[in-house]
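Residue numbering restarts at 1 for every chain, and letters A, B, ... go by the order of the sequence lines.
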Number of protein chains: 2
Amino acid sequence: MSDIFKALSDPTRRSIIGLLRKRDLTAGEIAEHFPQAKPTLSKHFSVLKEADLIQGTRVGTTITYTLNVSVLEEALCAVMTTFKINPKQ
Amino acid sequence: MSDIFKALSDPTRRSIIGLLRKRDLTAGEIAEHFPQAKPTLSKHFSVLKEADLIQGTRVGTTITYTLNVSVLEEALCAVMTTFKINPKQ
DNA sequence: CTCTTGTTTCGTCGTTTGGCTAATTAGCCT
DNA sequence: AGGCTAATTAGCCAAACGACGAAACAAGAG
């Protein structure tokens, strides 16, 4: 729970999620979208993996990341029920 | 946006929000629910205020905190639309 | 085996966070 | 004014975070 919010609290990581929402991407493809060094991005990946928001599968030399939409969905629903919020949409 | 997630990423602050969901409470009343020292809680209050999740109004010597439900609501809706998630509830 | 590409680990630096105690402000009451 | 209570601010510490460069580690290609 804390992990998910911590993961979402960084703009870079939210952008990564935004990219993965459209389609799966390799670590290298994601890195091209950001000015930060690759090791820095790699750390962001592990934070997102830690929160179970993304998944990485190695195919040969490249690792493709996939968004774990259901986790994000469930986390937000959990918050809404905890705080008794009715989503408007 | 980041402020809201950062605020929500701490369990103590989520608990504070949980308490305020039931009814408004003074800083002292909130502090009674937690083992931390009052200044520590006060810092949490300011983080929550920074994120505009709560509001404090002074009445005499006491400050009563109120949950800003709409901000929380809007923040979560913003995330859902950004990530194109359909809430189940 | 060696080279190249893609990715992660390591070590470091500066900043932020969460906690504390001590000091300060703000308001009320004699 | 002086004292009391409620709450915040100030200052400090240890741990965690975000960033980097350099080095190490796959996995395939030549």
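Distance from the side chain of B:T61 is smallest to C:dC28 among D:dA19, D:dA27, C:dC28. Between D:dA19, C:dG19, D:dG18, one nucleotide has an atom nearer to the side chain of A:R13 than all others, and that is D:dG18. For A:K38, taking side-chain heavy atoms from C-beta onward, the closest of the listed nucleotides C:dA26, C:dT8, C:dA22 is C:dT8. Listed nucleotides D:dA19, C:dG19, D:dT8 differ in distance to B:A27; the shortest reach to its side chain belongs to D:dT8. Comparing D:dT8, C:dT17, C:dG19 against the side chain of B:I63 picks out D:dT8 as the nearest. Checked against D:dT8, C:dT7, C:dG18, the side chain of B:K43 finds its nearest nucleotide in C:dG18. Counting only heavy atoms from C-beta on, A:T26 has its side chain closest to C:dT7 among D:dG21, C:dT7, C:dG27. If you check C:dT8, D:dC17, D:dA7 against the side chain of A:K6, the one that comes closest is D:dC17. Listed candidates were C:dT21, C:dT7, C:dT8. Nearest to the side chain of A:T62 is C:dT7. Closest to the side chain of A:H44, out of D:dG18, C:dG19, D:dC20, is D:dG18.
For the pair B:E32 CD and D:dT5 P, the interatomic distance rounds to 15 Å; values are reported in whole Å. The nearest whole Å value for the distance from the CD1 atom in B:I54 to the P atom in D:dA7 is 12 Å.
Atom CD of A:E50 has 12 or fewer heavy atoms from other residues, nucleotides or ligands within 6.0 Å.
For the residue pair B:S2 and A:R14, a side-chain donor N or O sits within less than 3.5 Å of a side-chain acceptor on the partner.
Side chain of A:R23 to main chain of A:L25: no donor-acceptor pair is present (N/O by atom type, distance under 3.5 Å, no hydrogens or angles). Not a single donor-acceptor pair under 3.5 Å links the side chain of A:R13 to the backbone N or O of A:H44.
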